[in-house]
S.K.: 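Before I ask anything, here is the structure I am working with.
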There are 2 protein chains.
Amino acid sequence: MARYLPGLQTRDRILESTTWLLARVGLDGTTLAAILDRAKVRSGSFYNLFESKDEVILTVIGEAINAVDPHPDGEGKDTVRELVDAYIEFITGQPTLAQIYLQTAVGGALNDERLAHRFLSHHETRLTRLTDAIRREQKLTKRQARAEAELLLAGLNGLAFHRMLDPDFDVAGRAEELLARR
Amino acid sequence: MARYLPGLQTRDRILESTTWLLARVGLDGTTLAAILDRAKVRSGSFYNLFESKDEVILTVIGEAINAVDPHPDGEGKDTVRELVDAYIEFITGQPTLAQIYLQTAVGGALNDERLAHRFLSHHETRLTRLTDAIRREQKLTKRQARAEAELLLAGLNGLAFHRMLDPDFDVAGRAEELLARR
DNA sequence: CTTGTTTTTGAGTATACGCTCTATTTTGAG
DNA sequence: CTCAAAATAGAGCGTATACTCAAAAACAAG
């Protein structure tokens, strides 16, 4: 494992390279050779730092999944507004990771057991947080709030989806309308 | 090219096999060997019917894209309800194709120029059809109706997206709420 | 049955991929 | 400065993949 500075720097370059490739050419195009080439690293160094190519990819996707969360530690405190804003910020501010996030969800790498489980549990967490936030602001049954949360989250995901097709799409503006209709 | 019956049947088996694989194991897992195995065909026969592996895949994805449209010929006649119902029917009735559709949109095969263009133009068509339908039912400026259509479509895509994660998700029910809020 | 066409077979080819291994250089604590 | 640990280079390996091709079998019209 990396302990000296050069190793850590190399590790970073590899992660950056992989992130870039995943977003640009997809899982398929993210070959080891491409990663190495872009990171200016030879295979020997790579395998001194990572177990496998899969490990890097899963690491990057894992980061993408986590990046969706505003403040993973603070629970039971966030407002609906905060949660929504955090997600919008993620979509517009980190489009690269957002794309990987969506790709993963839609089947890109859900064949990987570990990742699939991680993704689903993350999704569930997000849903319950949103549900709780809604209940704190409105008097609704748990069931109603949950339905509300699902609808809102679906709307947001749809906006992110639309942005994939049209980079100029006004996600924030549409999200505002989405919130206004609740 | 296929001219006798056996050839046509083989062609169908290959398309079915590819469709199944794309939905189950994704683009990555849809190898030629897997296609051949499932279709009970040897490589020679395959290349007697198709130019390449890519051709089959693009054919299948193309079918998925077309399948989203309710009645591609009838233009300027459909109602918002019809368009929405058709899409919901597509999502719930043909989940296999729906998944491929979403995968394609989110980047699965958008590296392919032809397919990317086809997908975008299809998306645009769908959006303007929905926009027109809205204007026929409500007095809105073109701009407003377009925004309305984008929001509605995003919502529907979000529901489809959610269904990928949770197969039991009540798409139709939530879509109803979506429509009720307009 | 004959004959030209279509379909099928499956061994074989080229290539790209992930990964290993050994030798060499670099690093930094004592 | 010394030296063990860490980092790097890069040739090379095994495998999986998409695809080819020549020959054989199945097909259908006359």
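The chains referred to below are lettered A, B, ... by the order of the sequence lines, with proteins before strands, and numbering in each begins at 1.
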S.K.: In chain order, what residues pass the side chain to side chain contact (heavy atoms under 4.5 Å, CB included) check against A/Asp166, with sequence neighbours excluded?
M.R.: A/His162, A/Asp168, A/Phe169
S.K.: B/Ser121: what forms a side chain to side chain contact (heavy atoms under 4.5 Å, CB included) with it, not counting sequence neighbours?
M.R.: none
S.K.: Report the residues that fulfil side chain to side chain contact (heavy atoms under 4.5 Å, CB included) with A/Ser52, sequence neighbours left out, ordered by chain and then residue number.
M.R.: A/Asp54, A/Glu55
S.K.: Does D/dA7 have OP1 or OP2 sitting under 4.0 Å from an N or O in the side chain of A/Asn48?
M.R.: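 Checking A/Asn48 against D/dA7: at least one side-chain N or O falls below 4.0 Å of OP1 or OP2.
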S.K.: Keeping to residues at least two apart or across chains, list the salt bridge (Lys or Arg N to Asp or Glu O under 4.0 Å) pairs with something in residues 83-96 of chain A.
M.R.: A/Arg81-A/Asp85
S.K.: Taking the side chain as everything from C-beta on, heavy atoms only, tell me whether B/Leu32 gets closer than 4.5 Å to B/Leu36.
M.R.: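 B/Leu32 vs B/Leu36: side chains touch.
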S.K.: Without placing hydrogens or testing angles, list every side-chain donor-acceptor pair under 3.5 Å for residues 145-159 of chain B, not counting sequence neighbours.
M.R.:
unit_1: B/Arg146; atom_1: NE; unit_2: B/Glu150; atom_2: OE2; d: 3.2
unit_1: B/Arg146; atom_1: NH1; unit_2: B/Glu124; atom_2: OE2; d: 2.9
unit_1: B/Arg146; atom_1: NH2; unit_2: B/Glu124; atom_2: OE1; d: 3.4
unit_1: B/Glu148; atom_1: OE1; unit_2: A/Arg181; atom_2: NH2; d: 3.1
unit_1: B/Glu148; atom_1: OE2; unit_2: A/Arg181; atom_2: NH1; d: 3.3
unit_1: B/Glu148; atom_1: OE2; unit_2: A/Arg181; atom_2: NH2; d: 2.9
unit_1: B/Glu150; atom_1: OE1; unit_2: A/Arg174; atom_2: NE; d: 3.2
unit_1: B/Glu150; atom_1: OE1; unit_2: A/Arg174; atom_2: NH2; d: 2.8
unit_1: B/Asn157; atom_1: OD1; unit_2: B/Tyr87; atom_2: OH; d: 2.4
unit_1: B/Asn157; atom_1: ND2; unit_2: B/Leu153; atom_2: O; d: 3.4

S.K.: How long is the span from the OG1 atom in B/Thr18 to the NZ atom in B/Lys53, to the nearest 0.5 Å?
M.R.: 9.5 Å
S.K.: Go through the structure and list residues passing side chain to side chain contact (heavy atoms under 4.5 Å, CB included) with A/Ala39, not counting sequence neighbours.
M.R.: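 A/Ala39: side chain to side chain contact (heavy atoms under 4.5 Å, CB included) contacts with A/Arg13, A/Ile14, A/Ser17, A/Val41.
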S.K.: If the condition is side-chain hydrogen bond (donor to acceptor under 3.5 Å, both in side chains), which residues does B/Arg126 pass it with, not counting sequence neighbours?
M.R.: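 B/Arg126: side-chain hydrogen bond (donor to acceptor under 3.5 Å, both in side chains) contacts with B/Tyr101.
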S.K.: Once each nucleotide of nucleotides 23-30 of chain D is scored for protein heavy atoms under 4.0 Å, what B/S/- sequence comes out, 5' to 3'?
M.R.: ----B---
S.K.: Can you list, in residue-number order, the parts of residues 14-21 of chain A that come under 4.0 Å of DNA chain D, counting heavy atoms only?
M.R.: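 Nucleic-acid contacts, sorted: none.
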S.K.: Work out how much the helix from C/dC1-D/dG30 to C/dG30-D/dC1 bends between its end axes, five pairs an end, to the nearest 10 degrees.
M.R.: 20°
S.K.: With the threshold set at under 4.0 Å for non-hydrogen atoms, list the residues of residues 37-44 of chain A touching DNA chain C in residue-number order.
M.R.: A/Ser43, A/Gly44
S.K.: Enumerate the residue pairs fulfilling salt bridge (Lys or Arg N to Asp or Glu O under 4.0 Å) with a member in residues 39-49 of chain B, sequence neighbours excluded, ordered by first and then second residue.
M.R.: none
